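In what follows, a single structure is set out as structure tokens and then discussed.
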Amino acid sequence: MENQTSATYFVLLGFSDNPLVQIFLFLMFLCIYAATLMGNMVILMVIRTNTHLHSPMYFFLSHLSFLDVCFSSVTVPRALMSLCSSRTISYYDCIAQTFFIFLTGCTEVFLLSAMAYDRYAAICKPLYYAQIMNREFCRGLVGGSWAMGFIYSLLNTLPLLKLTFCRSNVIRNFSCEFPSLVALSCTDTFLNRVMFFMAANTVGGFSFLVIVLSYIHAIRTVLKMHSAEAKRKTFSTCSSHLIVVVLYYTSSAFRYFSSNIASSVILDELFSIQYSIATPLLNPIIYSLKTREVKEVIKKLLWYKPLMSHAM
């Protein structure tokens, strides 16, 4: 056995060495990140400042917006740094970034299932909705989502510390994610892959089952309604959440299981952009356009400022 020296740092190669392409990507990522922060902060402000939005549905939505800010902040600032200055990242910073990607990603999975259960309770159990989705229970669901995300992150990140990276320290991406790190290891990664596969399928399968069962019961209840207007209003409250669920699950599945489908580096990078950069931006846009209450409050805020400036 030859002596093996593990890498002490990694190089985030990104997308291209062309300066013009790097400038374009830097400006694009910067605009997306700024829009992500602004969009999610608007959602947080709207929910916090309007008492009629202080319901379980918007309580979960506010936490989803906060989570999207955290999720985007884990990867985008580091990507911007690698595009304009240093592309190197230390070994422990890389492992830490992987941990927080797992933490925010898994927490969002459970939070989306909690939001689905909330829609089930509101549609199928309207008389008991206030009792079921009380404040303590809602806080417990959010706290449990973060706790499960923390456990999931530890299960997948701690085994990475035992790997030796001696083949190459170049990551052909803009962030340190599990597939990229495992591919660089010169030691056996079978246990890491098995642990990830089991944990990801358990977490994703349980969350997806909760979402599917919640909406099966909700749709059955809606179809039994006699009023077409009641059906339309009920479906409109669920459509935004369903779009976000489909978008998040498909992008994360392609990102972490794409190696079984295609080995293209370009596809891998595109899936990474969709998963960690585009999705946190699209969530507030979807909820702003598809949720009537949020859209109306935002319109009032936009009209309020011109009226104030005209009055002055």
Side-chain angles (χ1 to χ4, degrees), residues 36 40 43 56-75 97-121 133 137-158 175-179 192-216 218 238-258 260 271-284 286-287:
T36 299
N40 285 289
I43 295 292
M57 174 182 171
Y58 296 103
F59 173 78
F60 292 126
L61 178 57
S62 64
H63 281 276
L64 180 65
S65 296
F66 173 73
L67 192 57
D68 283 332
V69 170
C70 297
F71 191 29
S72 182
S73 299
V74 171
T75 56
Q97 187 181 52
T98 304
F99 174 85
F100 285 109
I101 290 174
F102 275 134
L103 173 62
T104 52
C106 180
T107 302
E108 184 155 342
V109 166
F110 281 103
L111 188 59
L112 289 175
S113 62
M115 296 174 74
Y117 181 78
D118 171 71
R119 291 299 82 208
Y120 156 77
M133 304 301 297
F137 184 65
C138 292
R139 289 177 177 176
L141 289 176
V142 173
S145 299
W146 281 99
M148 293 304 298
F150 182 78
I151 295 172
Y152 178 81
S153 305
L154 287 180
L155 289 175
N156 286 292
T157 306
L158 289 180
S175 61
C176 295
E177 295 186 54
F178 181 85
N192 299 80
R193 295 178 186 275
V194 170
M195 176 63 72
F196 171 74
F197 182 81
M198 293 177 61
N201 280 277
T202 301
V203 168
F206 174 78
S207 174
F208 189 72
L209 182 63
V210 171
I211 293 172
V212 169
L213 291 178
S214 297
Y215 276 107
I216 286 176
C238 302
S239 60
S240 55
H241 180 256
L242 283 173
I243 294 173
V244 169
V245 167
V246 171
L247 179 67
Y248 184 78
Y249 270 85
T250 52
S251 60
S252 59
F254 275 118
R255 174 64 190 102
Y256 284 96
F257 298 101
S258 61
N260 298 326
F271 292 148
S272 295
I273 293 175
Q274 171 64 34
Y275 174 65
S276 57
I277 296 180
T279 301
L281 169 65
L282 294 175
N283 287 352
I286 293 170
Y287 275 102

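Note that the structure is predicted; figures quoted are calculated from it, not measured.
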For side-chain hydrogen bond (donor to acceptor under 3.5 Å, both in side chains), just list the numbers for Y249 and S207, CA-CA rounded to whole Å, side-chain angles, deciding distance to a tenth of an Å, and then say yes or no. CA-CA 10 Å; Y249 270 85; S207 174; 2.7 Å; yes

C106 vs F110, side-chain contact (heavy atoms from CB on, under 4.5 Å): CA-CA, chis, key distance, verdict: CA-CA 7 Å; C106 180; F110 281 103; 3.6 Å; yes

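Between the CH2 atom of W146 and the OG1 atom of T107 there is a distance of 5.0 Å, given to the nearest 0.5 Å. One finds the CD1 atom of I151 at 11.0 Å from the CG atom of L103 (value rounded to the nearest 0.5 Å). Taken from CG in L141 to NE2 in H63, the straight-line distance is 10.5 Å, to the nearest 0.5 Å. Considering CG of D118 and OG of S214, their distance stands at 9.5 Å, rounded to 0.5 Å. Interatomic distance, OG1 of T279 versus CG of L247, reported as 4.5 Å (0.5 Å rounding). The OH atom of Y248 lies 9.5 Å from the CG atom of N283; values are rounded to the nearest 0.5 Å.
Here the closest non-hydrogen pair linking P280 and T36 is O-CG2, 3.6 Å. Here the shortest heavy-atom pairing between S175 and T75 reads CB-CG2, 4.1 Å. The minimum heavy-atom distance linking I43 with S65 is given by the pair CG2-OG, 3.1 Å.
Within the 3.5 Å criterion, the main-chain N or O of V69 finds no donor-acceptor partner in the side chain of S72. Judged purely by atom type and a 3.5 angstrom limit, T98 has no side-chain atom pairing as donor or acceptor with the backbone of F178. With Q97 contributing its side chain and V74 its backbone, the two residues share a donor-acceptor pair below 3.5 Å.
Remark: L154 engages F99, F150, L158 in a side chain to side chain contact (heavy atoms under 4.5 Å, CB included) (not counting sequence neighbours). Taking H241 as the reference, L112, M115, A116, Y215, V245, Y287 meet the side chain to side chain contact (heavy atoms under 4.5 Å, CB included) condition, with sequence neighbours excluded.
Only one option out of I277, N40, T104 pairs with F71 in a side-chain contact (heavy atoms from CB on, under 4.5 Å); it is T104.
With a 6.0 Å radius and a threshold of 12 heavy atoms from other residues, nucleotides or ligands, F137 has its CZ atom above the threshold.
Side chains of L213 and Y120 form no contact here, defined as non-hydrogen atoms less than 4.5 Å apart. Between F60 and L64, the closest side-chain pair of non-hydrogen atoms is not below 4.5 Å.
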